[in-house]
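The next block holds one structure in the form of structure tokens; read it before the comments.
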Amino acid sequence: MSAFEFRYMTVADIDNVFKIETISFATPWSKEAFYNELTQNRFAKYMVIQHDSELVGYCGVWIVVDEAHITNIAILPEYRGKKLGETLLNKVMDEARKLGAASMTLEVRVTNVVAQNLYRKLGFQNGAIRKKYYTDNQEDALVMWVKL
């Protein structure tokens, strides 16, 4: 398998990121939401993984003062289980540190044990529960935190 490239997302990546988003999430963000993140939100940074000419994953983060908040992270199903999500999140954590973040947070479905295990592996700890956070099925979200 050839190398994977990690780089910042551009507007030209939106269609491919949207494809990953719709495959990965029950309530996907719109293309317009990603466009606004890249062009209007000065706190937002998005990183993508490219394999040859195919975009295979992405991760978004908002960095506000000294806190980083993961907005979303997803890998195409056929590339999952190859530690790409872990590598991507590590790179985003490093970037957040460089940009002055002292801590990072995210929400994850209480039933998404695979993701929770990845986050714990990277040092995230359980915080609060956000009741009925997910609009598709009213599932609770577990808030997780890590010091950077």
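Index from 1, following the sequence.
Residue-environment remark: CD (Q125) stays at or below the threshold of 12 foreign heavy atoms within 6.0 Å. Around atom CZ of F25, more than 12 heavy atoms belonging to other residues, nucleotides or ligands sit under 6.0 Å away.
Under the 4.5 Å side-chain heavy-atom criterion for Ile, Leu, Val, Met, Phe, Trp and Tyr, Y134 and V114 are members of distinct hydrophobic clusters. Note on L55 and F4: same hydrophobic cluster, where clusters join Ile, Leu, Val, Met, Phe, Trp and Tyr whose side-chain heavy atoms are under 4.5 Å apart, directly or indirectly. By the criterion of side-chain heavy atoms lying less than 4.5 angstrom apart, applied directly or through intervening Ile, Leu, Val, Met, Phe, Trp or Tyr residues, V146 is not grouped with V113; the two fall into different hydrophobic clusters. Cluster annotation: V143 and Y119 are assigned to distinct hydrophobic clusters (Ile/Leu/Val/Met/Phe/Trp/Tyr, side-chain heavy-atom contacts under 4.5 Å, transitive).
For T105 (side chain) and M144 (main-chain N/O), a donor-acceptor pair under 3.5 Å exists by modelled atom type. Between the R80 side chain and the I75 main chain, a donor and an acceptor come within less than 3.5 Å of each other. In this structure, the side chain of D13 engages the main chain of T10 through a donor-acceptor pair within 3.5 Å. A donor-acceptor pair under 3.5 Å is absent between the side-chain atoms of R130 and the main chain of A141, judged by distance alone.
The aromatic rings of F34 and W29 sit tilted relative to each other, their planes meeting at an angle between 30° and 60°.
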Test side-chain hydrogen bond (donor to acceptor under 3.5 Å, both in side chains) on Y8 and E95; report intermediate values, then the result. CA-CA 11 Å; Y8 279 110; E95 285 298 307; 2.5 Å; yes
Could you please spell out the steps behind the side-chain hydrogen bond (donor to acceptor under 3.5 Å, both in side chains) verdict for Y79 and E54? CA-CA 11 Å; Y79 288 92; E54 183 179 24; 3.1 Å; yes
Please lay out, stage by stage, how K82 and T87 fare under the test side chain to side chain contact (heavy atoms under 4.5 Å, CB included). CA-CA 9 Å; K82 301 178 188 305; T87 304; over 6 Å; no
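To the nearest 0.5 Å, atoms CG (L106) and CG (L89) are separated by 7.5 Å. Rounding to the nearest 0.5 Å places CD of E86 at 10.0 Å from CD1 of I73. In this structure, the separation between CE on M93 and OG on S103 is 10.5 Å, given to the nearest 0.5 Å. The CD atom of E107 sits 12.0 Å away from the CG atom of D140 when rounded to the nearest 0.5 Å. The CG atom of N126 lies 4.5 Å from the CG atom of L142; values are rounded to the nearest 0.5 Å. Rounding to the nearest 0.5 Å places CZ of F18 at 10.5 Å from CD1 of I23.
A33 and S30 get closest at one heavy-atom pair: N-OG, 2.9 Å. Pairing each heavy atom of V108 with each of A115, the nearest pair is CG2-CB, 3.8 Å. Among all heavy-atom pairs drawn from D136 and A26, the shortest one is OD2-CB, 3.1 Å. The heavy-atom pair separating A74 from I20 by the smallest distance is CB-CG2, 3.8 Å.
Using a cutoff of 4.0 Å between basic side-chain nitrogens and carboxylate oxygens, R97 and D66 are not scored as salt-bridged. Taking 4.0 Å as the cut-off between side-chain N and carboxylate O, E139 and K132 do not count as a salt-bridged pair. Between D94 and K91, none of the side-chain N atoms (NZ, or NE/NH1/NH2) sits under 4.0 Å from a carboxylate O, so this pair counts as no salt bridge.
Counting only N and O atoms by type, the side chains of E5 and H51 include no donor and acceptor under 3.5 Å apart.
If you look at F124 and W145, their ring centroids are not closer than 6.0 Å.
In this structure, the side chains of L118 and L122 come closer than 4.5 Å at one or more pairs of heavy atoms. Under the 4.5 Å side-chain criterion, counting only non-hydrogen atoms from C-beta, V17 is not in contact with K31. Between N72 and I70 the shortest side-chain heavy-atom distance does not fall below 4.5 Å.
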Name the atoms and distances for all side-chain donor-acceptor pairs under 3.5 Å in residues 42-50, with sequence neighbours left out.
from : atom 1 : to  : atom 2 : distance (Å)
Y46  : OH     : E37 : OE1    : 2.7
Y46  : OH     : T71 : OG1    : 3.2
Q50  : OE1    : R7  : NE     : 3.2
Q50  : OE1    : R7  : NH2    : 2.7
Q50  : NE2    : D52 : O      : 3.1

